[in-house]
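Proteins come first, then strands; the chains are lettered A, B, ... in the order of their sequence lines, and each starts at number 1. Only this structure's heavy atoms are used, side chains among them; waters, hydrogens and symmetry mates stay out.
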Amino acid sequence: MTKTNAYITTAIPYVNGKPHIGNALDYLLADIWTRYQKQNGRQVRFQVGTDEHGNKIAAKARANNLDPQSYVDGMYGNFKILMGAVGAEYTDFVRTTDQHHVAAVQYIWRRLSQAGLIYKHTYEGWYCMGHEAFFTDKEVHDTSGICPDHQTPYERVSEENYYLRASAFTERIRQAIESGKMKIVPEFRKNEFLELIKNGVQDVSISRPRKNLSWGVSVPDDDTQVMYVWIDALANYITVLGYPDNPEWQTYWPADVQVIGKDILRFHAGIWPAMLLGLDLPLPKVLLVHGFVHVGGAKMSKTVGNVVDPMEIIQNYGADAFRYFFARHIPTQEDGDFTWEKFENAYNGELGNDLGNLVQRVAAMITRYQAGVIGNAPQAEHDMTGYRDAMQHLQFSQALDDVWSSVRSLNQYLERVKPWQIAKQRANDHDAEGHLNEVLAYAASTLLQIADELVPFMPTTAEAIHSIFATGIVPAQITPLFPKIYLHTSNPQAPQDTRK
RNA sequence: CGCGGGGUGGAGCAGUCCGGUUAGCUCGGUUGGCUCAUAACCAACAGGUCGCAGGUUCAAAUCCUGCCCCCGCAACCA
């Protein structure tokens with residue numbers, strides 16, 4: 001039996017900054033999906049990468065007295081570190097400065113051009129040097145002609161650019177989205193986008209004069225123009241597979257899932273499909289749109305100073321705890337809220353008290369009453385439909401809710417049958433021995449099933465639980481899965497602080 | 001009338017599409033139980049005008065109308 005191939009992608013972040021929670025969320029969601037698919041026997045390619053061209057990069061490089069290439073060479077590793085810390089088992093890392101990528105992008109440009117989908121157009125408008133961008137008449141009027149961010153007047157500039165005739169594909173794109181051939185998840189994002197293109201998908205400017213943009217992929221057969229972000233960045237999803245020269249790309253494209261943030265949906269549901277259709281390629285099957293992570297109800301921003309560094313969480317609590325919180329308490333398809341207090345409560349309460357303690361008590365009883373031998377009992381067969389269903393619909397937080405209700409049930413079960421009392425009855429009740437064995441074996445097998453369900457979310461924890469109960473002999477010494485941590489909440493056991 | 005999301009016990013949410021048992025869950029609070037366990041676990045109780053005002057109906061958190069409030073997007077800071 002050959003494994004079915006599967007392909008999942010993440011957005012490639014711009015390398016001129018520190019990796020943040022949003023990137024981590026991308027990697028996490030894609031990784032959960034990947035591990036789940038692998039668990040179900042599929043062969044998965046999982047793409048990640050970095051977007052390394054553009055003026056901001058060039059400017060940053062200059063400020064650091066580096067040429068752009070050396071600058072990005074020094075920066076992209078930061079993202080690799082984060083991916084590693086999150087535990088993302090990606091298979092392919094693409095940099096937009098990779099030689100193969102650059103060549104492939106130029107090939108793509110030529111094909112689109114030959115298909116008559118690229119045309120030259122002179123754009124005239126109000127330009128702000130500081131933003132390196134054009135502004136609409138309305139904005140210029142509203143600000144009396146002065147850019148509020150830079151305190152400089154807008155300039156009237158005309159610029160010749162190449163455009164991609166995305167509008168030509170409006171109907172096909174709309175049809176693909178409506179029919180679900182290219183599914184946008186969640187549903188309300190789909191409606192949002194359909195509303196946005198009600199008047200058609202807009203053509204989009206895909207190049208800049210070289211004098212305005214030097215650090216980028218050259219437009220084929222026109223030295224005066226350099227590619228602007230769109231074709232360069234979006235193409236990564238196929239170039240990383242080897243498109244066009246390594247035929248293996250065909251065994252993975254179209255992608256099963258493309259993970260994106262809500263802010264870039266418009267590009268991935270509009271421009272990207274237009275490119276693919278222009279190349280006669282199939283569209284991705286699903287665009288999974290996640291929300292933003294807020295902090296204490298407010299947008300995370302550098303100016304407010306409430307930015308949370310994912311590395312800090314992982315370093316203090318471990319990757320599994322990070323993965324757990326963001327998978328369960330940040331709704332997969334909506335905005336979520338992070339606070340250190342929420343995080344720590346989830347860590348100590350749900351991971352420590354609910355799950356960690358459960359593993360501990362079951363293991364301890366088996367060790368204490370049966371010298372560590374689990375013995376045989378009917379296999380625990382819990383209903384997994386809820387879990388499977390949630391996973392299938394990419395509602396990871398719901399899947400975890402389901403797992404936790406199993407955890408809760410097992411705690412309740414133990415309370416009901418009271419194995420510690422059965423253990424005492426063994427002295428004068430011959431049936432007690434067998435009964436106890438059955439109860440504990442059932443508990444162990446339930447925990448093994450829970451571990452299976454946790455594989456996509458908390459691989460290390462799943463493995464730890466597995467290694468305790470799977471061999472039939474519980475190790476004499478086991479370390480607590482989630483020891484209590486009180487960095488941001490008060491320790492209830494701590495002596496009362498009477499000072500002040 | 002730009003588009004969308006939301007307003008449910010102290011906090012966070014489910015339920016709303018397809019009206020109908022005592023409005024459900026987690027956390028927090030109180031009380032109790034248990035002692036296998038990471039002072040963990042289990043149970044019970046307290047606590048709600050389901051944003052406001054009308055309407056439809058035997059019956060509305062759920063359907064209809066109007067209004068108020070919060071938050072996103074609309075603007076290449078994921």
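- Where A/Pro483 and A/His294 each meet RNA chain B at their nearest nucleotide, the meeting point lying more 5' is that of A/Pro483.
- When heavy atoms are screened at a 4.0 angstrom cut-off, A/Arg368 is found touching the sugar-phosphate backbone but no base atom.
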Could you write out each protein N or O paired with an N or O of nucleotides 31-33 of chain B at a distance under 3.5 Å?
from, atom 1, to, atom 2, distance (Å)
B/G33, N2, A/Glu415, OE2, 3.1

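- Test A/Asp320, A/Leu351, A/Ile465 against A/Leu481 for side chain to side chain contact (heavy atoms under 4.5 Å, CB included) and you get one pass: A/Ile465.
- Rounded to an integer number of Å, the gap from A/Leu355 CG to B/C41 C1' is 13 Å.
- OP1 or OP2 of B/U35 sits under 4.0 Å from a side-chain N or O of A/Gln421.
- Whole-Å rounding puts the A/Ile374 CD1 to B/C36 P distance at 20 Å.
- In this structure, A/Lys60 is not positioned above the aromatic face of A/Tyr71 in the sense of NZ or CZ being under 6.0 Å from the six-membered ring centre and within 45° of the axis.
- The distance from atom CG of A/Asn491 to atom P of B/A39 is 10 Å, rounded to the nearest whole Å.
- A/Tyr413 contributes no side-chain N or O that forms a donor-acceptor pair with the base of B/C42 under 3.5 Å.
- Residue order along RNA chain B, read from the 5' end via each residue's closest nucleotide, puts A/Trp420 first among A/Trp420 and A/Pro480.
- With sequence neighbours excluded, the residues forming a side chain to side chain donor-acceptor pair (under 3.5 Å) with A/Asp92 are A/Arg45, listed by chain and number.
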Would you list the protein and nucleotides 1-8 of chain B atom pairs, both N or O, that sit under 3.5 Å from each other?
from, atom 1, to, atom 2, distance (Å)
B/G4, O2', A/Glu192, OE1, 3.4

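- Separating the C1' atom of B/A59 from that of B/C52 is a span of 22 Å, rounded to the nearest Å.
- Nucleic acid contact class of A/Phe482 (heavy atoms, under 4.0 Å, all strands): base.
- A/Val362 comes within 4.0 angstrom of no nucleic acid atom, judged by non-hydrogen atoms across all strands.
- Rounded to an integer number of Å, the gap from CG of A/Asn55 to P of B/C77 is 15 Å.
- Using a distance-only test at 3.5 Å, with no hydrogens or angles considered, no donor-acceptor pair links the side chain of A/Lys198 to the main chain of A/Glu195.
- Among the protein residues, A/Leu481 comes within range of the nucleic acid bases, having at least one heavy atom under 4.0 Å from a base atom.
- In this structure, the nucleotide among B/C36, B/U38, B/A43 sitting nearest to the side chain of A/Asn353 is B/U38.
- Side-chain atoms of A/His101 never come within 3.5 Å of backbone atoms of A/Ala233 as a donor-acceptor pair (strictly under, hydrogens ignored).
- Side-chain contact between A/Asp389 and A/Gln395 is absent, with no heavy atoms from C-beta onward closer than 4.5 Å.
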Are there any protein N/O atoms within less than 3.5 Å of an N/O atom in nucleotides 9-12 of chain B, and if so, which ones and at what distance?
none

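- Between A/Gln412 atom CD and B/C34 atom P the separation is 18 Å, expressed in whole Å.
- Computed from coordinates, the A/Arg361 CZ to B/C42 P distance equals 7 Å when rounded to whole Å.
- No donor-acceptor distance shorter than 3.5 angstrom exists from the side chain of A/Asn348 to the backbone of A/Asn345, with no hydrogens or angles considered.
- Contact annotation for A/Asp354: backbone-only contact, meaning every heavy-atom pair under 4.0 Å involves sugar-phosphate atoms and none involves a base.
- When all heavy atoms of A/Leu25 and A/Gly291 are compared, the closest pair comes out as CD2-O, 4.1 Å.
- Distances shown here put every side-chain N or O of A/Arg266 at or beyond 4.0 Å from the OP1 or OP2 atom of B/A75.
- Here the separation of B/C76 from B/C68, taken at their P atoms, is 30 Å to the nearest Å.
- Here the side chain of A/Ser214 pairs no donor or acceptor atom with the backbone of A/Arg210 at under 3.5 angstrom.
- Taking side-chain N and O atoms only, A/Arg408 has no distance below 4.0 Å to OP1 or OP2 of B/C25.
- Here, B/C13 and B/G20 have their P atoms 24 Å apart, quoted to the whole Å.
- For the pair A/Arg323 (side chain) and A/Val86 (backbone), a donor-acceptor distance under 3.5 Å is present.
- Using a 30° and 60° split on the angle between ring planes, A/Tyr387 and A/Phe457 fall in the perpendicular class, above 60°.
- Applying the salt bridge (charged side-chain N to carboxylate O under 4.0 Å, His left out) test to residues at least two apart or on different chains, the pairs with a partner in residues 392-413 of chain A are A/Arg328-A/Asp401.
- Contact annotation for A/Gly54: no contact, since no heavy-atom pair falls under 4.0 Å across all strands.
- For A/Tyr369, counting side-chain heavy atoms from C-beta on, the closest listed nucleotide (B/C36, B/C76, B/A40) is B/C36.
- A/Ala11 comes within 4.0 angstrom of nothing in the nucleic acid, heavy atoms only.
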For the pair A/His268 and A/Tyr237, evaluate ring-ring contact (aromatic ring centres under 6.0 Å, His included) and give the outcome as yes or no after the intermediate values. CA-CA 11 Å; A/His268 285 76; A/Tyr237 300 125; 5.5 Å; yes
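- In this structure, A/Phe322 has its ring center no closer than 6.0 Å to that of A/Phe343.
- Look at A/Gln360 and you won't find any side-chain N or O under 4.0 angstrom from OP1 or OP2 of B/C36.
- Remark: A/Lys262 qualifies as a cation-pi partner of A/Phe292 under the 6.0 Å distance and 45° angle criteria applied to the six-membered ring.
- Residue-level contact check: A/Asn345 touches neither bases nor backbone, having no heavy atom under 4.0 Å from any strand.
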Dot-bracket, 5' to 3', for RNA chain B please: Watson-Crick or G-U pairs under 3.5 Å, [ ] where pairs cross earlier ones, | where the partner sits on another strand, dots elsewhere. .(((((((.[[[[.)....(...]]]].(((((.......))))).....[[[[[..)....]]]]])))))).....
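- Counting heavy atoms from C-beta on, the side chains of A/Phe482 and A/Asn357 never come closer than 4.5 Å.
- The distance between atom CD of A/Glu350 and atom P of B/C41, rounded to the nearest whole Å, is 11 Å.
- Rounded to a whole Å, the CD1 atom of A/Ile422 is 15 Å from the C1' atom of B/U35.
- By the 6.0 Å and 45° rule, A/Arg95 stacks over the aromatic ring of A/Tyr76.
- Here A/His329 lies out of heavy-atom contact (under 4.0 Å) with every strand.
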